[in-house]
Undergrad: 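After the structure tokens below, expect a handful of questions from me.
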Amino acid sequence: DQVSPIGMLHVYGHLILLVGQHVWWRLPRQRIRTLGSFVLWCERGAPSYVEAERDTRLHRRHGGSTMNQSTLLDRTPPTQMRSTRPSPATPWIGLGLVVILVVAGFSSMMRPVARGADTPLAEFSAARAGTHVERIAAEPHPMGSSALRLVEAYITGQLVGMGLEPEVQPVEVPDYFGSPGETTAVRNIIAVIPGSSPSQAIALVAHYDTHPSTPGANDNSVGVAVLLEAARATLSGQRPMNDILLLFTDGEEPNPRYGATGFARFHPAFEQIGLVVNLEAVGSSGPSLLVESSRPELGIVDRYRATAADSAGFSFLTETVDLFGGVGTDFDVFKDEGIPGLSFAYLRGSPIYHTSRDVPASVSAKSVQHHGDNVMSVIRAFGDVELPPSTTVSDAVFFALTPFLSVAYPSFVAAALAVLAVGAFGVLAWRRVKTERDSIAAIGRGALVMGAGSMAAALAAFAAWW
């Protein structure tokens, strides 16, 4: 349950189709259309079958003139008498390549093992974070509710128990879930872990309110629990140079993002933030994916990748989110203000989103662990460097190959690779027309088959997801 199926089934279904089509097109030109022709091909052997097919083509080329087989073969240049029979190893090589890619790709989406309560205190433990989820997600707690005040008291009590001094920031806003025209107060909780020699602060952000219809175990009690456990682990280890600002926002669920907006407009600590990390969930399991990032990406993403033991980021996802104008989380408030940062979310099991089924029992401990590992990786990567982090002028293309290997390069390299791919396709198509006597129409039909295969793979992945 730790695989992102839409991407994986689409990609690997497409790869299998590619290899299968490659082997298919390497077979003699009759394409083994019927069982009878397949038996004939096996009995005669590929070379004789190919020669017979070549005779037919030459016969058509000479206008259907009556020429016997030997005459036709005599007129065929020796260089064109070669067999197009594929090597017996070709299908096995293709199959082996597919297996390797599938194993590598699926392993890239597997998440770390959840750590127990006996994990060293300076390290993140999903088990310890899980105890917070149980307490926070006991019932729905939307903004303005008495249940949310109980969650507020729990969070502030945990922070005080760590030796921190939490501050509550009230902001008067419209009562989104109440009566029209009335107001209520959202209450952000802020605490700072002082750095040894801070330049600016790393803000760790998670909203602690829920939609009225859900206890919100995943959205977003897990995010709150991860921040509490990450704070405890940071305080138990070596302090970073930069401050760590913990921000638990209220009123995230309505569109205006009341809590984050109020913090950005009215709290002086906002000006001290050099990097922001936001945590969210739209499902119950899956990898903690990098779903949004500030631009340009290359410098920030490179530093995160270099530190994270198990990074799971795909630039096609961040690009898609940008095309939609963001996904409507607290991260948008910081991004719109020009603060660099990263936003992580896990997405598998999305049908429970904003429903009564989003309860603690639905939470994947592996996803909690991965969320926490990402937060600790960011603290390690940026805790001891000058903030805001230096960036490049280029966006990045990045993706994970395995849990231990990810790739990133500037976006202009991706554009160059796309041009090379189009050029290589043109050269191969021209060569096939010249040497294999394929027609442009046949190549076009093959392209349509590939497009149909891609669509079928995408539809199959969508069906598997739901």
Side-chain angles (χ1 to χ4, degrees), residues 1-7 109 111-112 114 124 126 129-142 151 155 204-230 247-254 257 259-260 276-293 310 312-314 317-318 320-321 324 326-332 341-376 378 465-466:
D1 69 340
Q2 299 300 316
V3 178
S4 176
I6 284 199
M109 303 301 290
R111 299 287 51 88
F124 186 92
T131 61
H132 298 309
V133 176
E134 294 281 349
R135 294 289 301 274
I136 296 168
E139 59 181 325
H141 43 278
V151 175
I155 294 172
L204 307 180
V205 182
H207 71 90
Y208 72 101
D209 63 310
T210 69
H211 191 274
S213 62
T214 177
N218 290 282
D219 178 29
N220 191 35
S221 299
V222 164
V224 174
V226 167
L227 259 59
L228 290 173
E229 171 62 9
L247 175 59
F248 304 88
T249 61
D250 187 3
E252 190 271 351
E253 291 298 347
R257 313 303 166 205
V276 63
V277 178
N278 186 63
L279 296 182
E280 270 287 359
V282 186
S284 59
S285 62
S288 174
L289 293 167
L290 175 59
V291 293
E292 286 190 88
S293 63
D310 186 10
F314 301 88
L317 185 57
T318 61
T320 301
V321 168
F324 282 107
V327 292
T329 67
D330 286 337
F331 185 74
D332 295 345
L342 305 166
S343 183
F344 298 96
Y346 55 88
L347 315 174
R348 176 73 166 161
S350 58
I352 73 163
Y353 182 61
H354 283 184
T355 71
S356 59
R357 292 180 292 159
D358 189 4
V359 294
S362 71
V363 174
S364 166
K366 291 182 179 180
S367 298
V368 176
Q369 185 68 50
H370 199 206
H371 245 2
D373 288 349
N374 275 332
V375 170
M376 300 304 292
V378 171
W465 175 267
W466 292 105

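Just so you know, these numbers use all the heavy atoms, side chains as well, and skip hydrogens, waters and symmetry mates. Bear in mind that the values here come from a model prediction, so they are computed numbers and not experimental data.
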Undergrad: Quick one: pull up CG in L347 and CD in E280 and give me the separation to the nearest 0.5 Å.
TA: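 So the CG of L347 and the CD of E280 are separated by 10.5 Å.
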Undergrad: Is there a donor-acceptor pair closer than 3.5 Å between any side-chain N or O of H370 and the backbone N or O of S288?
TA: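 Checking the backbone N and O of S288 against the side chain of H370, a donor-acceptor pair under 3.5 Å is found.
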Undergrad: Checking the side chain of N218 only, and the main-chain atoms of D358 only, is there a donor and an acceptor separated by less than 3.5 Å?
TA: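 Such a contact is absent between N218 side chain and D358 backbone.
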Undergrad: Sequence neighbours left out, what passes side-chain contact (heavy atoms from CB on, under 4.5 Å) with A129? Give chain and number order.
TA: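 Listed in chain order: F124, A225, E229, V368.
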Undergrad: Which pair of heavy atoms, one from A137 and one from A217, lies closest together, and at what distance?
TA: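 Residues A137 and A217, closest heavy atoms: CB-CA, 3.6 Å.
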Undergrad: Below 4.5 Å, heavy atoms only, C-beta onward: do V205 and F331 meet side chain to side chain?
TA: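 No, too far: nothing below the 4.5 Å cut-off.
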Undergrad: What pair of heavy atoms forms the shortest contact from P215 to T355, and how long is it?
TA: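 For P215 versus T355, the nearest heavy atoms are CD-O, 4.1 Å.
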Undergrad: If every non-hydrogen atom of V359 is compared with every non-hydrogen atom of S362, which pair is closest and at what distance?
TA: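 V359 and S362 have their closest heavy atoms at O-OG, 2.7 Å.
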Undergrad: List for me each residue that meets salt bridge (Lys or Arg N to Asp or Glu O under 4.0 Å) alongside D250, sequence neighbours excluded, and say none if there are none.
TA: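 In terms of salt bridge (Lys or Arg N to Asp or Glu O under 4.0 Å), with neighbours along the sequence ignored, D250 is linked to R149.
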Undergrad: For S221, give me all partners under side chain to side chain donor-acceptor pair (under 3.5 Å), at least two apart in sequence or on another chain.
TA: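 So S221 forms no side chain to side chain donor-acceptor pair (under 3.5 Å) with any residue.
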Undergrad: Between T210 (side chain) and H141 (backbone), is there a donor-acceptor pair under 3.5 Å?
TA: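 Checked: pair present.
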Undergrad: If I compare all heavy atoms of A230 with all of V375, which pair ends up nearest, and what's the gap?
TA: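 Looks like CB-CG1, 3.8 Å.
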Undergrad: To the nearest 0.5 Å, tell me how far I136 CD1 sits from L228 CG.
TA: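 Here the rounded value is 6.0 Å.
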Undergrad: If you measure from NE2 on H371 to CG on L227, what distance do you get to the nearest 0.5 Å?
TA: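 Result: 9.5 Å between the selected atoms.
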Undergrad: So does E253 get a backbone contact from the side chain of D209, meaning a donor-acceptor N/O pair under 3.5 Å?
TA: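 Yes, because the side chain of D209 sits within donor-acceptor range (under 3.5 Å) of the backbone of E253.
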Undergrad: Looking at L279, N278, V282, which hits side-chain contact (heavy atoms from CB on, under 4.5 Å) with T329?
TA: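 For T329, the side-chain contact (heavy atoms from CB on, under 4.5 Å) check succeeds only for N278.
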Undergrad: When rounded to the nearest 0.5 angstrom, what distance separates NE2 in H207 from CG in D219?
TA: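 The NE2 atom of H207 sits 4.0 Å away from the CG atom of D219.
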Undergrad: Could you tell me whether the side chain of P212 reaches within less than 4.5 Å of the side chain of P140, counting heavy atoms only?
TA: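 No. Closest side-chain heavy atoms not under 4.5 Å.
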Undergrad: Starting at OH of Y208, measure out to OG1 of T249 and round the result to the nearest 0.5 Å.
TA: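 Nearest 0.5 Å value for the OH-OG1 distance: 8.5 Å.
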Undergrad: Quick check: does any side chain N or O of S367 sit under 3.5 Å from a backbone N or O of G286, one acting as donor and the other as acceptor?
TA: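 Side chain of S367 to backbone of G286: a pair is present.
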Undergrad: Does any part of the side chain of P351, heavy atoms only, come nearer than 4.5 Å to the side chain of R357, both counted from C-beta?
TA: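 Side chain of R357 against side chain of P351, heavy atoms only: contact under 4.5 Å found.
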Undergrad: Could you walk me through whether L204 and V277 pass the side chain to side chain contact (heavy atoms under 4.5 Å, CB included) test, one step at a time?
TA: CA-CA 5 Å; L204 307 180; V277 178; 3.9 Å; yes
Undergrad: Nearest 0.5 Å, please: how far is CZ in F344 from CD in E292?
TA: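 Spacing of CD (E292) from CZ (F344) equals 11.5 Å.
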Undergrad: Evaluate Y346 against V222 for side chain to side chain contact (heavy atoms under 4.5 Å, CB included), listing each step before the verdict.
TA: CA-CA 11 Å; Y346 55 88; V222 164; 3.4 Å; yes
Undergrad: State, to 0.1 Å, how close A345 and A281 come at their nearest heavy-atom pair, and which atoms those are.
TA: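 Scanning both residues completely, I find the closest heavy atoms to be CB-N, 4.4 Å.
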